[in-house]
Amino acid sequence: MSTLDLLQPGQCGTILDLDGEDTELCRLREMGLLPGATVEAIGSAPLGDPLAFFVRGARLALRTTDARKVRISPAPEE
C-alpha cells in the first residue's frame, strides 16, 4: 500500500481509501477520488507542488499534502 504522492509520472494505481477529516474527504470525493478508481500520475509543477493526475476522465491538480491522504495500490509493473 502506498499514497498518491509517491506515484511517478506515467505510473497508475487504484484508490483503496482516503484518510483525513470529513470536510477534506468530502472535497476529495467530489473531485472523483473514490475507492476503486484508477489514477495515473501526469507530473508536477516546476517546484514539485501541486501534483497532476488523470482520474475518471479528468485532469486534477492536488497539493502534495492532499495527495498523501489518498491510499492506493500501485498497478503491477509491465
Side-chain angles (χ1 to χ4, degrees):
M1 190 164 48
S2 184
T3 56
L4 196 55
D5 64 306
L6 298 178
L7 280 183
Q8 297 300 312
Q11 287 184 319
C12 295
T14 302
I15 298 174
L16 299 174
D17 195 12
L18 303 173
D19 187 31
E21 295 182 26
D22 288 339
T23 54
E24 297 167 335
L25 299 182
C26 183
R27 186 177 60 82
L28 294 174
R29 287 186 190 112
E30 288 173 347
M31 294 172 73
L33 297 170
L34 301 169
T38 300
V39 180
E40 179 183 355
I42 298 172
S44 64
L47 296 177
D49 201 21
L51 305 172
F53 300 96
F54 188 73
V55 59
R56 301 174 58 94
R59 291 183 180 176
L60 299 177
L62 287 176
R63 293 177 294 196
T64 303
T65 55
D66 290 333
R68 285 186 187 125
K69 297 173 185 170
V70 182
R71 286 185 249 151
I72 61 164
S73 171
E77 296 293 324
E78 296 180 8

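Predicted, not measured: the structure shown is a model, and the values here were computed from it.
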J.: Any side-chain donor-acceptor pair under 3.5 Å between Asp5 and Thr64?
T.: no

J.: Can you tell me how far CZ of Arg63 sits from OG1 of Thr65, rounded to the nearest 0.5 angstrom?
T.: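 Spacing of OG1 (Thr65) from CZ (Arg63) equals 5.0 Å.
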
J.: Are the side chains of Leu34 and Arg56 in contact, using a 4.5 Å heavy-atom criterion?
T.: yes

J.: Measure the shortest side-chain to side-chain distance between Asp66 and Arg27 over non-hydrogen atoms and say whether it is less than 4.5 angstrom.
T.: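 The answer is yes, as the side chains (C-beta and beyond) meet within the 4.5 Å cut-off.
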
J.: Should Leu28 and Leu62 count as side-chain neighbours, where that means a heavy-atom distance under 4.5 Å?
T.: yes

J.: What closest approach, in Å, do Ala67 and Thr3 show between heavy atoms, and which atom pair accounts for it?
T.: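 Closest pair (atom of Ala67, atom of Thr3, distance): O-CB, 4.2 Å.
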
J.: Are Val70 and Met31 linked, directly or through intermediate hydrophobic residues, by side-chain heavy-atom contacts shorter than 4.5 Å (ILVMFWY only)?
T.: yes

J.: Taking all non-hydrogen atoms of both residues, which atom of Gly32 and which atom of Ala37 are closest, and how far apart?
T.: O-CB, 4.2 Å

J.: Rounded to the nearest 0.5 Å, how far does SG of Cys26 lie from CD of Glu21?
T.: 13.0 Å

J.: How long is the span from the CD atom in Gln11 to the OG atom in Ser2, to the nearest 0.5 Å?
T.: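 Output value for this atom pair is 8.5 Å.
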
J.: So, applying side-chain contact (heavy atoms from CB on, under 4.5 Å) with Leu18, which one of Lys69, Glu24, Arg29 is it?
T.: Arg29

J.: Identify the heavy atoms of Ala41 and Leu7 that sit nearest to each other, and give their distance.
T.: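 Scanning both residues completely, I find the closest heavy atoms to be CB-CB, 3.8 Å.
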
J.: Measuring from atom CG of Asp17 to atom CD1 of Ile72, what distance do you get when rounded to the nearest 0.5 angstrom?
T.: 12.5 Å

J.: Indicate yes or no: at least one non-hydrogen side-chain atom of Phe53 is less than 4.5 angstrom from one of Leu4.
T.: yes

J.: For the residue pair Val39 and Ile15, establish whether any side-chain heavy-atom pair is separated by less than 4.5 Å.
T.: yes

